[in-house]
Amino acid sequence: MQTLNIIRPDDWHIHLRDHTTLKLTVPLAERTFARVLAMPNLTPPLTTVPNILSYRQRILAVTQDEHFSPYFSVYFTNDLNEATLREAKQCPWILGVKLYPQGATTHSDWGIDDIHKQFAHLSVMEELALPLLIHGEVTTSTIDIFDREARFIDTVLQPLQHRFPKLPIVLEHITTAEAVDWVQSMPAHIAATITAHHLAFNRNHLLAGGIRPDYYCLPILKRHHHQQKLQQAVMTKNQSQFFLGTDSAPHVQDKKYSACGCAGCFTSPIALPLLAELFAAHQALPLLEAFTSINGARFYQLPINTQRLRLTQSPWVVPKAYTTDDLTFIPLLAGQTLSWQCQPIEGQPNE
Ligand code: NCD
Ligand code: ZN
């Protein structure tokens with residue numbers, strides 16, 4: 001039986017949701033991750049530092065691991081103000097500002113309609129070195145859904161980076177060869193998160209032989225060659241601009257499996273086993289730790305975790321569902337067998 005002992009991972013992009021759902025998402029996340037960056041697309045969105053701090057308290061109220069640390073980003077709306085940016089920079093739990101193009105994804109109605117109107121704020125963020133986290137897809141209805149990320153890079157991101165060359169940027173949940181190439185062509189303050197599911201799957205998993213809503217997320221799964229390019233990026237040494245953000249995004253069963261099903265894959269409980277399986281299949285297990293536990297911490301200038309996680313090659317069946325109170329969430333790969341599992345190893349907490 002193969003085992004691997006790695007620095008405890010962090011999840012730099014997760015949707016924990018709020019209220020009752022936290023009783024499920026927080027304990028699941030902290031089973032694996034020491035730190036998470038919880039996304040601000042709640043209803044209403046997290047647009048101010050006080051709102052983020054009270055959300056943090058709601059999360060801490062349900063944690064079972066005293067060493068688990070949630071981090072946050074401010075939702076970039078058309079009403080964002082400079083004082084909030086300066087306050088966010090001072091807050092140790094806030095790592096950046098999240099930009100959703102209006103209409104791009106779940107709960108993005110409060111997002112930015114025209115980035116050109118936000119140049120004053122972007123200039124303040126550049127001065128503060130406050131990272132801009134980007135959902136990188138254009139929303140034009142005439143642009144094919146499979147081309148929206150690549151088009152965003154050409155028409156929005158590249159000009160933006162040119163205009164604000166010192167601004168730290170994380171292109172979130174990248175899915176294309178174009179995104180990998182773009183990040184690799186940039187200096188170290190430009191990075192990208194990649195999900196476990198975009199590494200493990202492609203659009204055939206979503207569409208071939210029947211539509212499988214579990215695999216539907218945004219940005220949508222792409223062609224196999226894009227998947228291979230993402231795999232190459234994380235399975236090559238010294239690719240420190242790429243780190244794990246699971247984008248685990250649970251939706252209640254009724255809303256996920258309906259005539260107009262919600263976008264988002266619930267992967268928190270399977271992300272590390274799935275990655276271990278994938279890296280093992282490519283004889284790349286020694287490169288897993290940099291992707292899950294080192295590169296992101298370095299980017300956000302946080303200490304590397306001192307706790308560790310043990311991955312064991314030992315089969316387990318993914319639960320068919322997770323429930324909390326009367327809410328049911330189906331994880332990706334529900335009922336299927338994964339060949340790796342993970343257990344935390346007790347150790348010293350971070351300073
Ligand atoms: C996310 C959600 O459900 O909040 N959905 C998704 O498909 N990834 C939002 C997001 O990150 O795009
Ligand atoms: Zn997300």
Side-chain angles (χ1 to χ4, degrees), residues 9-33 35-43 55 58-59 62-64 68 70 98 100 104-108 135 172-173 175 193-203 205-207 210-221 244-258 260-278 292 316-338 340-342:
D10 299 310
D11 184 351
W12 298 112
H13 183 133
I14 189 171
H15 299 271
L16 294 175
R17 311 303 191 202
D18 206 350
H19 308 299
T20 303
T21 308
L22 293 176
K23 288 195 277 177
L24 173 70
T25 54
V26 173
L28 275 179
E30 65 190 352
R31 257 193 226 169
T32 307
F33 302 104
R35 294 174 292 210
V36 298
L37 205 171
M39 288 294 130
N41 61 336
L42 307 181
T43 320
Y55 181 47
R58 295 197 291 283
I59 293 171
V62 295
T63 53
Q64 293 163 8
F68 175 75
K98 177 74 191 280
Y100 293 96
T105 188
T106 308
H107 301 152
S108 62
H135 183 113
E172 298 289 340
H173 41 52
T175 61
T193 54
I194 307 184
T195 74
H197 54 284
H198 286 100
L199 287 166
F201 305 117
N202 60 62
R203 67 190 201 178
H205 293 89
L206 169 70
L207 294 170
I211 292 181
R212 296 188 180 78
D214 305 272
Y215 291 84
Y216 174 60
C217 66
L218 290 170
I220 199 159
L221 288 166
L244 175 63
T246 65
D247 196 18
S248 181
H251 289 276
V252 288
Q253 188 174 18
D254 297 353
K255 294 217 167 112
K256 181 80 184 142
Y257 305 92
S258 79
C260 184
C262 293
C265 299
F266 178 25
T267 57
S268 197
I270 61 157
L272 255 288
L274 190 59
L275 287 171
E277 193 162 309
L278 184 72
T292 60
W316 65 293
V317 178
V318 180
K320 289 215 164 105
Y322 289 91
T323 53
T324 174
D325 295 344
D326 54 350
L327 303 176
T328 299
F329 301 90
I330 311 295
L332 186 57
L333 304 182
Q336 296 187 42
T337 301
L338 282 173
W340 286 77
Q341 45 184 297
C342 47

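- The shortest heavy-atom contact between Thr323 and Leu24 is O-CD1, 4.4 Å.
- Here the rule is side-chain contact (heavy atoms from CB on, under 4.5 Å) with Asn41, and of Arg17, Lys98, His135 only Arg17 fits it.
- At least one side-chain heavy atom of Thr32 sits under 4.5 Å from a side-chain heavy atom of Cys342.
- Residues Ile270 and Trp316 have side chains in contact (heavy-atom distance under 4.5 Å, counting atoms from C-beta outward).
- Between Cys217 and His197 the shortest heavy-atom distance is SG-NE2, 3.6 Å.
- If you take SG on Cys260 and NZ on Lys255, they are separated by 11.5 Å, rounding to the nearest 0.5 Å.
- The CG atom of Leu338 lies 6.0 Å from the CG atom of Leu274; values are rounded to the nearest 0.5 Å.
- Proximity of His19 to Arg58: side-chain heavy atoms (C-beta onward) are separated by under 4.5 Å at one or more points.
- With a 4.5 Å cut-off on side-chain heavy atoms, Thr21 and Phe329 count as touching.
- Within the 4.5 Å cutoff, side-chain heavy atoms of Ile14 are placed close to those of Ser268.
- Interatomic distance, CZ of Phe201 versus OG1 of Thr195, reported as 9.5 Å (0.5 Å rounding).
- Side-chain contact between Asp247 and Thr267 is absent, with no heavy atoms from C-beta onward closer than 4.5 Å.
- Atom OG of Ser258 and atom CD of Gln253 lie 11.5 Å apart (nearest 0.5 Å).
- Between Val62 and Leu22 the shortest heavy-atom distance is CG2-O, 3.7 Å.
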Inset, instruction - Might you work through the side chain to side chain contact (heavy atoms under 4.5 Å, CB included) test for Tyr257 and Asp214, ending with a clear yes or no? - result: CA-CA 8 Å; Tyr257 305 92; Asp214 305 272; 2.4 Å; yes
Inset, instruction - Before giving the answer on side chain to side chain contact (heavy atoms under 4.5 Å, CB included), spell out for Arg35 and Asp11 the whole-Å C-alpha distance, their side-chain angles and the decisive distance to 0.1 Å. - result: CA-CA 6 Å; Arg35 294 174 292 210; Asp11 184 351; over 6 Å; no
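- In this structure, Leu272 and Leu244 have side chains that are in contact, with non-hydrogen atoms separated by less than 4.5 Å.
- Going from atom CG of Leu333 over to atom OH of Tyr215 covers 5.0 Å, rounded to the nearest 0.5 Å.
- Closest non-hydrogen pair, Pro219 versus His173, comes out as CD-ND1, 3.1 Å.
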Inset, instruction - Go through the steps for Thr292 and Phe33 under the test side chain to side chain contact (heavy atoms under 4.5 Å, CB included), then give the verdict. - result: CA-CA 9 Å; Thr292 60; Phe33 302 104; over 6 Å; no
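- Here the side chains of Tyr216 and Lys256 are in contact, with some heavy-atom distance below 4.5 Å.
- Across Pro331 and Lys320, no two heavy atoms sit closer than the pair CD-O, 3.9 Å.
- Counting all heavy atoms, side chain and backbone alike, Gly335 lies closest to Val317 at O-CG1, 3.6 Å.
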Legend entry - Derivation and outcome, side chain to side chain contact (heavy atoms under 4.5 Å, CB included), residues His107 and Thr43: CA-CA 7 Å; His107 301 152; Thr43 320; 3.6 Å; yes
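- A distance of 12.0 Å separates OG1 in Thr105 from CD in Glu172, rounded to the nearest 0.5 Å.
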